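Everything numeric here is computed off the predicted structure, so don't read it as measured data. Note: hydrogens, waters and symmetry copies are ignored here, and every other heavy atom, side chains too, is used. Chain letters run A, B, ... following the sequence lines, proteins first and then strands; every chain starts at 1.
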Amino acid sequence: MRCAFECVFLHLSNKRNRSFSVQKYLIKDLGLYDGQEITLMGWASNKRESKGLVFVVLRDGTGWCQCVISQETVGDAIFEEAKKITLEASLSITGKIVKDERQMGGFELQASSVTLIGNSVDYPIAKKEHGVDFLMDKRHLWLRSQRQWAIMRIRNKIIYSIHAFFQQEGFVQMDAPLFTGNACEGTSNLFETDFYGDPAYLSQSGQLYGEAMAFSMGKIYTFGPTFRAEKSKTRRHLSEFWMIEPEMAFYDIFENMDLIENFLRFVVSAVLDDCQNELAVIGRDTSVLKNIIQPFPRLAYDEAVRIIKGEQDVNGKNAIVSLEDELAEVKARIQSVRTEITEREEKIKIPGMKKGEIGFNQAQIDKLKQELGDLEEQERNIPQWLNSARNFEYGNDLGGSDETVITRLFEVPIMVYNWPHEVKAFYLKRDPENSKFARGVDVLAPEGYGEIVGGGERETDEKLLIEKINEHQLPMEAFEWYLDLRRYGTVPHAGFGLGLERLVTWICKLPHVRESIPFPRMYGRLLP
RNA sequence: UCCUUCUUAGCUCAGCUGGUUAGAGCACAUGACUGUUAAUCAUGGGGUCCCUGGUUCGAGUCCAGGAGAGGGAGCCA
């Protein structure tokens, strides 16, 4: 079957005489072709020139390779063409693969011929630092850069290993609908659309459908997009994001927590095993990721609150004190960054400095200024967070800053469970041992990243559910089908929802979720 | 919805208590250079200082309103 398909494809491409239709040799495999003459196809990600030599860094999606085009070897005509190569022009380059210790992959290509496939005039992304807004406007091109390439490869690995984990654990992937007639939790803002004349909403969770599907298969997981119309402008919110929602029959909250822990350990380990190169490209310090083999601390809500308020220490670290220390560090760093900027600015004013050195200093100043901006933002935010942590009122949900405060004290993800039932979703099971609490669990990623998973054991008592639906002022008729799940053979069951982009963001230690998805959709951003 | 910071060349940014003709680096163009790693060096072109109104002899700079962006709160994965 597969062979027949390939034959048809090759036959068609021969018939059309498309000489550039197949990348036969890939940069990731250069080691196999040492000393051989091969043809690479890709894009020029960088070019440097000197008399009689042109250096083109070619990228083909699998890697980067420096190609040396020498006037002596290729002749005057091809050399003149090679000199005109611009950033991101697409090329086919034929030449010999040679070992060269100085190169990133350990090999370079010494060209014998170069063919231009597609021109590229005035490529907008320059070989220098750019602002976020500019890069987001050029997201379709930004994805070509090495850092974005690495992030997307890691995202791909995460997606692949999520499927691998659940499939090997006997879960069946089933999809929840994206059009829904009701608000599942009734809290967030929903995107409204027109469904044949009736209002319909884009799904903000497949959770309730997941429960129905679990009663058919035992263990299921959904993997699909989710929509939240929150006008949030923060580093952890998107309007459209991908969520993975497993749901298991005959699971209680503790078995659920065991599963979450094994699951996250599996995914992070897969990235550590298979994405060393990508993690190195983005400069991720993997030591924290390696802690994933340690057990995840499980904190009841009561304990988490004491830690946030500074009433209880963690391994000798106090939340309030360490936040105060951080503020002092930020202030000190601001001082030293300011001094360094002034020093460098004075230095480049002194006449006689070489142009290259001025350029280097200028680049350093630009970098320092960006850091200064970030630091000044922290200087404004940390006192607010301190205030919020000190005055945390027992019974409230954890805010974004509270999550940051508590997770900075740990080097592994933590699980906070047994929440006051008033602040959590209506479908969470009331704790049989203490009716104040609902059996929900949030997983908070370390290094200040905060919530990546929310889940829990589901309420099985129909009367309590009806009470809750009324309390939240949700339309009862829309939940009749959901109540049926309690009427016809209910069983203890639990599940959770994982935000894919938040997981990618933490694993890659990105400053913002927007870099974790190819084309982010967020407040104020619908293009490209 | 609220708080906060910002908007000057294609890009990243200077521009002091308001004062001649608005600056730098990168990018681009031309030239030089045989091994460059954001190559280097020389020369050159390039501006609605976000918009509207106000104060003033004079506004990139001060004031008011608006638009857009960054961050935070709320809400959440």
Side-chain angles (χ1 to χ4, degrees), chain A residues 45-57 64 66 68 70-72 86-87 100 102-104 108 110 121-138 185 187-189 204-205 207 226 228-238 241-245 341 345 348-349 354-367 369-370 373-374 376-382 384-385 387-388 396-401 403-404 423 425 442-445 449-455 496-503 505-506 511-514 523-525:
Chain A
S45 72
N46 200 357
K47 191 190 89 174
R48 293 175 286 268
E49 259 181 86
S50 121
K51 177 151 191 176
L53 285 174
V54 171
F55 301 93
V56 171
V57 177
W64 279 257
Q66 171 163 287
V68 188
S70 159
Q71 190 165 15
E72 264 178 41
T86 50
L87 282 189
D100 188 317
R102 291 167 292 186
Q103 304 311 322
M104 196 180 130
E108 70 175 15
Q110 290 176 350
V121 181
D122 294 333
Y123 186 70
I125 300 179
K127 299 181 284 183
K128 59 167 301 201
E129 305 241 351
H130 290 281
V132 181
D133 192 35
F134 175 79
L135 288 170
M136 279 314 319
D137 281 340
K138 305 277 181 279
E185 300 182 30
T187 49
S188 301
N189 299 317
Q204 59 171 349
S205 168
Q207 145 79 44
T226 303
R228 305 263 166 103
E230 293 153 357
K231 289 183 179 174
S232 298
K233 294 182 82 157
T234 78
R235 57 181 72 225
R236 35 175 213 289
H237 286 91
L238 291 169
F241 62 97
W242 289 73
M243 192 148 69
I244 293 89
E245 294 181 284
I341 290 174
E345 278 175 343
I348 59 176
K349 276 181 199 158
K354 280 188 74 179
K355 217 181 158 190
E357 209 178 338
I358 293 176
F360 174 78
N361 276 293
Q362 194 66 51
Q364 291 301 309
I365 291 170
D366 284 1
K367 246 183 216 167
K369 278 188 177 161
Q370 284 206 350
D374 290 346
E376 283 172 344
E377 223 140 66
Q378 287 184 50
E379 194 187 19
R380 283 191 293 271
N381 288 334
I382 292 175
Q384 289 177 31
W385 296 352
N387 205 34
S388 152
N396 285 351
D397 206 348
L398 301 193
S401 67
E403 290 178 2
T404 306
V423 299
D442 281 0
V443 178
L444 310 180
Y449 276 89
E451 188 171 2
I452 53 173
V453 166
F496 63 92
L498 166 84
L500 176 64
E501 284 73 19
R502 286 195 179 172
L503 181 61
T505 303
W506 168 57
H512 197 297
V513 274
R514 74 186 136 212
Y523 183 56
R525 171 67 59 187

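Judged by distance alone, with hydrogens and angles left aside, A/Ser401 brings no side-chain donor or acceptor close enough to the base of B/rG72 to form a pair under 3.5 Å. Evaluation of atom-type donor-acceptor distances gives no pair under 3.5 Å for the side chain of A/Glu49 against the base of B/rG35.
Pairs of Watson-Crick or G-U wobble type, with distances under 3.5 Å, assemble into runs of 3 or more in RNA chain B at these ranges: B:1-7 with B:67-73, B:10-13 with B:23-26, B:28-32 with B:40-44, B:50-54 with B:62-66.
With P as the reference atom, B/rA59 and B/rU52 are 15 Å apart, rounded to whole Å. Using atom C1' as the reference point in both B/rG15 and B/rG54, the two lie 24 Å apart (nearest Å).
In this structure, A/Arg235 reaches the sugar-phosphate backbone alone: every heavy-atom distance under 4.0 Å involves primed, P, OP1 or OP2 atoms, never a base. Using a 4.0 Å heavy-atom criterion, one finds that A/Gln71 contacts no nucleic acid atom at all. Residue contacts for A/Asp374: at a heavy-atom cut-off of 4.0 Å it reaches no nucleic acid atom on any strand shown.
When only modelled atom types and interatomic distance are considered, A/Ser205 and A/Glu245 share a side-chain donor-acceptor pair under 3.5 Å.
Within the 4.0 Å cut-off from OP1 or OP2 of B/rG70, at least one side-chain nitrogen or oxygen of A/Arg514 is found. In this model, the phosphate group of B/rA39 is approached by a side-chain N or O of A/Arg48 to a distance below 4.0 Å at OP1 or OP2. Between A/Lys233 and B/rG72 there is no side-chain polar atom (N or O) within less than 4.0 angstrom of OP1 or OP2.
With RNA chain B read from its 5' end, the first of the two nearest nucleotides for A/Asn46 and A/His237 is the one closest to A/Asn46. In this structure, A/Lys47 and A/Gly454 both approach RNA chain B, and ranking their closest nucleotides by distance from the 5' end singles out A/Lys47.
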B/S/- contact track for nucleotides 5-10 of chain B, protein heavy atom under 4.0 Å | S-----
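Residue A/Phe134 qualifies as enclosed at atom CZ: its count of foreign heavy atoms under 6.0 Å is above 12.
Listed by chain and residue number, A/Asp133, A/Asp137 satisfy the side chain to side chain donor-acceptor pair (under 3.5 Å) test with A/Arg525 (two or more places apart in sequence, or in another chain).
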